[in-house]
Amino acid sequence: VRLVESGGGLVQPGGSLRLSCVVSGRTSSTYALAWFRQAPGKEREFLSAISCSTGRTWYGDSVKGRFMISRDNTDNALYLHMNNLKPEDTAHYYCAADSVRGNSWPLSAHALSYDYWGQGTLVTVSS
């Protein structure tokens with residue numbers, strides 16, 4: 001399974017950005033998918049997860065109400081829509097796949113639960 005993120009860049013505070021992650025692999029549509037981020041000097045932080053076919057979603061407290069996760073299994077794509085961005089959202093953003101949980105609930109917020117990771121895309125929020 002291979003994951004490739006895109007869409008990062010420089011955005012002003014209060015702005016919006018959409019991250020994309022293309023997921024390739026024969027059974028990737030059966031995996032739960034998630035977004036994490038990691039800022040310099042900080043631990044990797046869970047942002048959101050989505051089940052493989054039921055579309056159930058889960059959000060971390062720091063992004064609830066501002067970020068929205070979605071997936072398109074036809075295009076093998078995962079998205080993170082980010083609104084009202086703040087300087088503290090500056091980080092490398094990673095998509096990840098969990099081959100175990102699929103449609104299980106609850107999904108995991110722990111990075112160790114995810115088998116596959118992308119290389120990350122940098123988001124910088126600054127004026």
Side-chain angles (χ1 to χ4, degrees):
V1 176
R2 185 167 179 245
L3 297 91
V4 180
E5 303 96 335
S6 62
L10 175 64
V11 61
Q12 291 187 342
S16 299
L17 209 58
R18 188 185 79 161
L19 304 183
S20 301
C21 174
V22 175
V23 186
S24 60
R26 191 160 56 92
T27 58
S28 59
S29 63
T30 65
Y31 296 172
L33 299 175
W35 288 98
F36 288 77
R37 69 184 178 191
Q38 189 165 17
K42 294 189 176 182
E43 293 186 355
R44 193 160 292 192
E45 178 190 9
F46 169 78
L47 301 178
S48 184
I50 186 168
S51 60
C52 66
S53 60
T54 62
R56 294 185 77 176
T57 59
W58 188 20
Y59 294 91
D61 290 339
S62 64
V63 302
K64 200 174 295 183
R66 295 192 300 128
F67 290 10
M68 186 180 76
I69 192 172
S70 63
R71 69 187 290 170
D72 184 337
N73 287 337
T74 302
D75 291 337
N76 295 318
L78 174 72
Y79 303 101
L80 185 67
H81 307 261
M82 305 186 294
N83 299 310
N84 190 23
L85 284 162
K86 306 174 182 179
E88 51 265 41
D89 293 319
T90 295
H92 281 90
Y93 284 69
Y94 300 90
C95 60
D98 180 349
S99 64
V100 174
R101 282 163 183 80
N103 283 321
S104 300
W105 195 262
L107 301 174
S108 176
H110 299 288
L112 291 176
S113 297
Y114 292 83
D115 314 89
Y116 305 99
W117 292 83
Q119 83 291 347
T121 186
L122 178 62
V123 172
T124 303
V125 184
S126 175
S127 55

Problem set entry | Listed partners of D72 passing salt bridge (Lys or Arg N to Asp or Glu O under 4.0 Å), at least two apart |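 If we apply the salt bridge (Lys or Arg N to Asp or Glu O under 4.0 Å) test to D72, skipping adjacent residues, there are no hits.
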
For this session: Using salt bridge (Lys or Arg N to Asp or Glu O under 4.0 Å) as the criterion, list what pairs up with D98, not counting sequence neighbours.
Result: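 In terms of salt bridge (Lys or Arg N to Asp or Glu O under 4.0 Å), with neighbours along the sequence ignored, D98 is linked to R101.
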
Has [X] got a side-chain atom pairing as donor or acceptor with [Y]'s backbone, closer than 3.5 angstrom?
X	Y	value
N76	V22	no
E5	C95	yes
R71	S51	yes
N84	G14	no
T124	L10	no

Exercise. Looking only at side chains, do E45 and S62 share a donor and an acceptor under 3.5 Å apart?
Worked result: yes

Problem set entry | Same apolar cluster (I L V M F W Y, side chains within < 4.5 Å links), L33/L80 |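 The answer is yes; both residues are in one hydrophobic cluster.
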
Exercise. Applying the 4.5 Å side-chain criterion to the ILVMFWY set and letting contacts propagate, would Y116 and L107 be lumped into a single cluster?
Worked result: no

Any [X] side-chain heavy atom under 4.5 Å of [Y] side chain:
X	Y	answer
S126	P87	no
I69	L78	yes
V23	V1	yes
S20	Y79	yes
V125	Q12	no
M82	R18	no
Y114	S108	yes
L85	L17	yes

For this session: Go through the structure and list residues passing side chain to side chain donor-acceptor pair (under 3.5 Å) with S6, not counting sequence neighbours.
Result: none

Exercise. Would you call K86 and D89 a salt bridge, taking side-chain N to carboxylate O under 4.0 Å as the test?
Worked result: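 D89 and K86: not salt-bridged.
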
Seminar exercise, completed: Only residue of Y93, W117, Y94 satisfying ring pair (Phe, Tyr, Trp, His ring centres under 6.0 Å) with F36 is W117

Any idea which heavy atoms bring [X] and [Y] closest together, and the distance?
X	Y	answer
Q119	L3	OE1-O, 3.7 Å
S70	H81	OG-NE2, 3.3 Å
D115	S99	OD1-N, 2.7 Å
S127	P13	N-CD, 3.7 Å
W105	T57	CH2-O, 3.3 Å
N83	S16	OD1-OG, 3.0 Å

Problem set entry | CD/E88: more than 12 non-hydrogen atoms of other groups inside 6.0 Å |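 Yes - once you tally the heavy atoms of other residues, nucleotides and ligands closer than 6.0 Å, there are more than 12.
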
Exercise. Can you tell me how far CG of L47 sits from CZ of R66, rounded to the nearest 0.5 angstrom?
Worked result: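 If I round to the nearest 0.5 Å, the distance is 9.5 Å.
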
For this session: Apply the test side-chain contact (heavy atoms from CB on, under 4.5 Å) to residues S48 and Y59: give CA-CA distance (whole Å), side-chain angles for both, the deciding distance (0.1 Å), then the verdict.
Result: CA-CA 4 Å; S48 184; Y59 294 91; 3.2 Å; yes

Exercise. What about the rings of W58 and F46, do their centers lie closer together than 6.0 Å?
Worked result: yes

